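What you see is a predicted model; the values in this text were computed from it and never measured. The analysis underlying the following values was restricted to heavy atoms, covering all of them including side chains, and did not include hydrogens, waters or symmetry mates. Just so you know, residue 1 is the first one in the sequence shown, and it goes up from there.
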Amino acid sequence: MNDVQILTLRPEPGECAWTFGGAPPVARIAPGTVLDLFTEDCFAGKVRSEKDLVSEVCEFPFLNPQTGPFHVEGAEPGDTVAVHFVSIEPARDWAASTTAPLFGALTSTHSTASLQPPLPETVWIWELDRARRTARFSARDSDFSIELPMDPMHGTVGVAPANLEVRSALVPDAHGGNMDTPEMRAGVTCYLGVNVEGALLSLGDGHARQGEGETCGVAVECAMNTVVIVELLKGVSTPWPRLESDTHIISTGSARPLEDAFRISQLDLVQWLVRDYGFSELDAYQFATQTVESPLANVCDTNYTCVAKIRKEWLPARETHRGLHARLRETAASLPRGADLRTS
């Protein structure tokens, strides 16, 4: 463990980034660095009770604060930054979810306008039992209550966009950003294509759990204590964010309309099979058609995000991304846990 660099960062209010691109780095890190981070929830910690309406306690566009960005030494356009999630743990015993005016999949929105009035603005506070790994839903309008298993994830992970763009942390696109896929959980490696020198990696938007699609637009939002390992793949391009778990390879696509997000994710998966697994393009197209799983990530953000995933056990025994996921899993297993990580 002596050769592993560990950087602990607990940003104070006002020290987070609200965009991808356009923000100066908070630190320069070498590839292989372990980041032990606190990330605030998407409301910047301001929604704490059922009385705290987002429209009253938050100021748009200051939503979805990110911890970072981090300048990854040696990262250049055409490279790929790999972010391996060692652990994602809620930092508090509660989380918040809401409906918000003109936001969500089942309401009028600014871009899908109609004569319907906005839905009522309502807050649900979820009780988290971190020891038992549960999140309790309590209905507002009845006595129904149930404990659901926690499945912590990060809704937002990304790098600075290409072409001098600065994108709100609410937007998912080719740089990553607010993809809101439940696949972004502990044990997963996320691959992001580098667009600017240093990549400028940020992450945030922790969810204690979220259903596929994030239908109302808001998950079980909570602050997180998260540990990641950041690596660099020189000379490997990644046009859209990719994820690798122990069981699946996973492509993402973000766009509007929804079918374009679907097409992007499916095309990226086909091209991944061609590049790393020895398929011809048409064989990959046929194979993916019969084997792919296509869960929705979000159908509420400024861009929608779709996921395309295939089981590794059905793929040829080939190495992808230079076998980095397996090596990062080994490194993660050797790390101390919790407070011990900060004193190692």
Side-chain angles (χ1 to χ4, degrees), residues 1-9 27-37 68 70-89 152-154 157-159 176 181 183-194 198-203 225-252 268-269 271-278 307 309-338 340-342 344:
M1 285 299 302
N2 293 332
D3 57 346
V4 175
Q5 298 182 48
I6 300 173
L7 173 63
T8 298
L9 183 63
R28 296 176 68 97
I29 62 171
T33 298
V34 175
L35 297 179
D36 173 25
L37 306 176
F70 297 93
H71 179 111
V72 182
E73 293 177 355
E76 302 172 299
D79 298 338
T80 290
V81 164
V83 184
H84 181 76
F85 289 88
V86 178
S87 62
I88 306 173
E89 296 295 331
M153 53 164 281
H154 272 279
V157 184
V159 295
T181 172
E183 304 289 348
M184 201 78 71
R185 56 174 61 93
V188 164
T189 303
C190 176
Y191 303 105
L192 298 161
V194 176
L200 300 182
L201 168 72
S202 301
L203 69 156
N225 292 316
T226 293
V227 176
V228 299
I229 308 171
V230 181
E231 261 298 354
L232 179 64
L233 289 167
K234 293 294 294 181
V236 176
S237 63
T238 303
W240 285 88
R242 293 175 175 175
L243 292 80
E244 183 179 357
S245 70
D246 293 344
T247 58
H248 289 78
I249 63 169
I250 306 165
S251 290
T252 70
D268 187 75
L269 188 65
Q271 292 175 334
W272 193 350
L273 293 176
V274 171
R275 188 188 77 177
D276 289 356
Y277 291 94
V307 164
K309 54 190 286 192
I310 287 182
R311 296 177 182 273
K312 286 181 172 179
E313 64 184 291
W314 295 343
L315 294 173
R318 301 284 185 92
E319 188 176 82
T320 185
H321 292 90
R322 298 175 183 164
L324 186 58
H325 172 74
R327 297 201 303 276
L328 290 174
R329 286 289 272 164
E330 291 178 1
T331 301
S334 70
L335 294 174
R337 289 292 182 261
D340 293 338
L341 180 69
R342 292 160 218 151
S344 62

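Side-chain N or O atoms of D36 include none that pairs as donor or acceptor with a backbone N or O of L7 at under 3.5 Å. Listed for the R28 side chain is no donor-acceptor partner under 3.5 Å among the backbone atoms of G198.
The shortest heavy-atom contact between D246 and R329 is OD2-NH2, 2.7 Å. The shortest non-hydrogen separation linking V72 to P31 is CG1-CG, 4.4 Å. Scanning both residues, A199 and V81, for their nearest heavy atoms gives CB-CG2, 3.6 Å. Between Q5 and A30, the shortest heavy-atom contact is NE2-CB, 3.9 Å. Heavy atoms only, all atoms of each residue included: R322 and L233 are closest at CD-CD2, 3.9 Å. Between S87 and A186, the shortest heavy-atom contact is CA-CB, 4.1 Å.
The distance from the CG atom of L315 to the OH atom of Y277 is 5.5 Å, given to the nearest 0.5 Å. Between the OG1 atom in T320 and the NZ atom in K312 there is a gap of 8.0 Å [rounded to 0.5 Å]. Interatomic distance, CD of E183 versus OG of S245, reported as 7.0 Å (0.5 Å rounding). Distance CD/E244 to NE2/H325: 5.0 Å, rounded to 0.5 Å. Separation of atoms CG (L192) and CG (L243) is listed at 8.5 Å; rounding is to 0.5 Å. Summarising the geometry, atom CZ belonging to R318 is positioned 13.0 Å from atom CZ belonging to R275; distances are rounded to the nearest 0.5 Å.
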query = Stepwise, does the side-chain contact (heavy atoms from CB on, under 4.5 Å) test hold for V157 with V228?
reply = CA-CA 11 Å; V157 184; V228 299; over 6 Å; no
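Side-chain contact of T226 with H154: a donor-acceptor pair under 3.5 Å is present, judged by distance alone.
Side chains of V86 and V34 form no contact here, defined as non-hydrogen atoms less than 4.5 Å apart. The shortest side-chain heavy-atom distance between L335 and I229 falls under the 4.5 Å cut-off. In this structure, the side chains of V230 and F70 stay at 4.5 Å or more apart for every pair of heavy atoms. Taking 4.5 Å as the limit, every side-chain heavy atom of V159 sits out of range of all side-chain heavy atoms of V194. With a 4.5 Å cut-off on side-chain heavy atoms, H321 and T238 count as touching. Contact check for L203 versus V83: no side-chain heavy atoms found under the 4.5 Å cut-off.
Each of T80, D268, T189 was evaluated against R242; a single residue qualifies, D268, per the side-chain hydrogen bond (donor to acceptor under 3.5 Å, both in side chains) test.
Taking the six-membered ring where the residue is Trp, Y191 and W272 present perpendicular rings, their angle passing 60° and hence far from 30°.
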